[in-house]
Amino acid sequence: MKIDFLSEAKNIEEWVVSIRREIHKYPETMYEEFKTSQLIREKLDELNVEYEHPIAETGVLAQIGTGEEPCVALRADMDALPIQEENDLDFKSTIDGKMHACGHDCHVAMLLGAVKIFKKHEEKIKGTIKFLFQPAEEGGAGGLKMREEGALDNPKVSKVFGLHVWPTLPTGSIGSRSGTFLASAGFFEVEIRGKGGHAAMPHFSIDPITTTSQIISSLQSIISRETDPLEPAVLSVTYVNGGDAHNVIPESIRFGGTIRSLTMDGQMRVQKRLKEVVEGVSISNGCSARVLFPGKVYPPTVNDPDCWKDIKSYSKNIFGKNIVEMDPVMGGEDFAYYTEVCPGCFIALGIGNEEKGTTVSVHNPNFKADEDALHLGVALHVMMATEALNEF
Ligand code: NI
């Protein structure tokens, strides 16, 4: 199958951008992507493309081709973040406190672009292409749910690819690496319980605030003193809540944060030590502690070396020399649930342009995407699936 990836993607650029803007206006967070899911299904109906819904609650699994193996999959995540958008755009978020600040609106639009191109060439596809529109990437493990509900089966997916917009790479470039690309990500929640009382008579209380401050200081040495300096790991305390009066020692304090490691072993070791340190310091201060690790721990995202090598060689037609060999990143991605069971590759798509202000980090209220990158992402999607099928 031969497709002129770039010019076909360029031809539908406006269509892709308009879908992206439509989704951007109505951001929906994990497992509540009802409108987004509906919009995807409407577009698939217009294109006369078969799909399965519901899958993983709000997910949509579209399919083009023979329905037989070989089968490759392309994935886009659909969810937004609980962030108030600060950009002044015509199509800015209309929902208070929610924003597509991680570019998943772009991901959905680019994947629909790929659907549109493949549908045109359906006769020529020797095998099947699955399009995974998944919910809840941001902490809800939507990828795992898609997998558990059979997204990679019948026909069995033998390669899986995903894109993520990347503000630190310039528009017109891509980056990734062989092997572990993104970290395992887990969360923790701690409650420290002391004994509340009058702040003027601290000796009648057990102060959870001083205990918490000691704990947070002690946690720092898990990474700085106990972890091999050549083994990347992160432990960040990201919130501390408790107390609300000048003259009252509170009964309890809650804090929490995230642990990152490039291996599951590393993740589990830091979890274990965090629990031990929290409980040890609490006991020495007469407090009690409750430590929870809520939700799923995302595994590291590991790229298949051959997949990345192949992408580097054929995507020169689109990106020329602007293909970057990246270092691992401590961000997490639930694309990892696909690459756990199937070879694949996760690619960073450059959207950075200083003049347009699109170099602001994801998860920031001022995050913006350079829409000139979207047709490149569409072309890359089409190219990755085509080339992977051509190998069989
Ligand atoms: Ni994201």
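Just follow the structure's listing: the first ligand is 1, and inside any ligand the first atom is 1. Excluded from the calculations below are hydrogen atoms, water molecules and symmetry mates; all remaining heavy atoms, backbone and side chain alike, are included.
- Using bins of under 30°, 30° to 60° and over 60° for the plane-to-plane angle, the ring pair F335/Y338 lands in the perpendicular bin.
- Side chain to side chain, H24 and E85 meet the donor-acceptor criterion of an N or O pair below 3.5 Å.
- Cation-pi geometry between K145 and Y31 is met: the NZ or CZ atom falls under 6.0 Å from the ring centre, inside 45° of the normal.
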Would N353 and T171 count as a side-chain hydrogen bond (donor to acceptor under 3.5 Å, both in side chains) here? Give the steps. CA-CA 6 Å; N353 182 322; T171 301; 5.2 Å; no
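- Ring orientation note: the planes of H107 and H164 are nearly perpendicular, at an angle over 60° on the 30°/60° scale.
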Atom pairs and distances, side-chain donor-acceptor, residues 150-162, under 3.5 Å, sequence neighbours left out:
unit_1, atom_1, unit_2, atom_2, d
S158, OG, C71, O, 3.2
K159, NZ, E391, OE1, 2.9

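- Protein N/O/S atoms found under 2.8 Å from the Ni ion (ligand 1), listed by chain and residue number: C102 SG, H104 NE2, H164 NE2.
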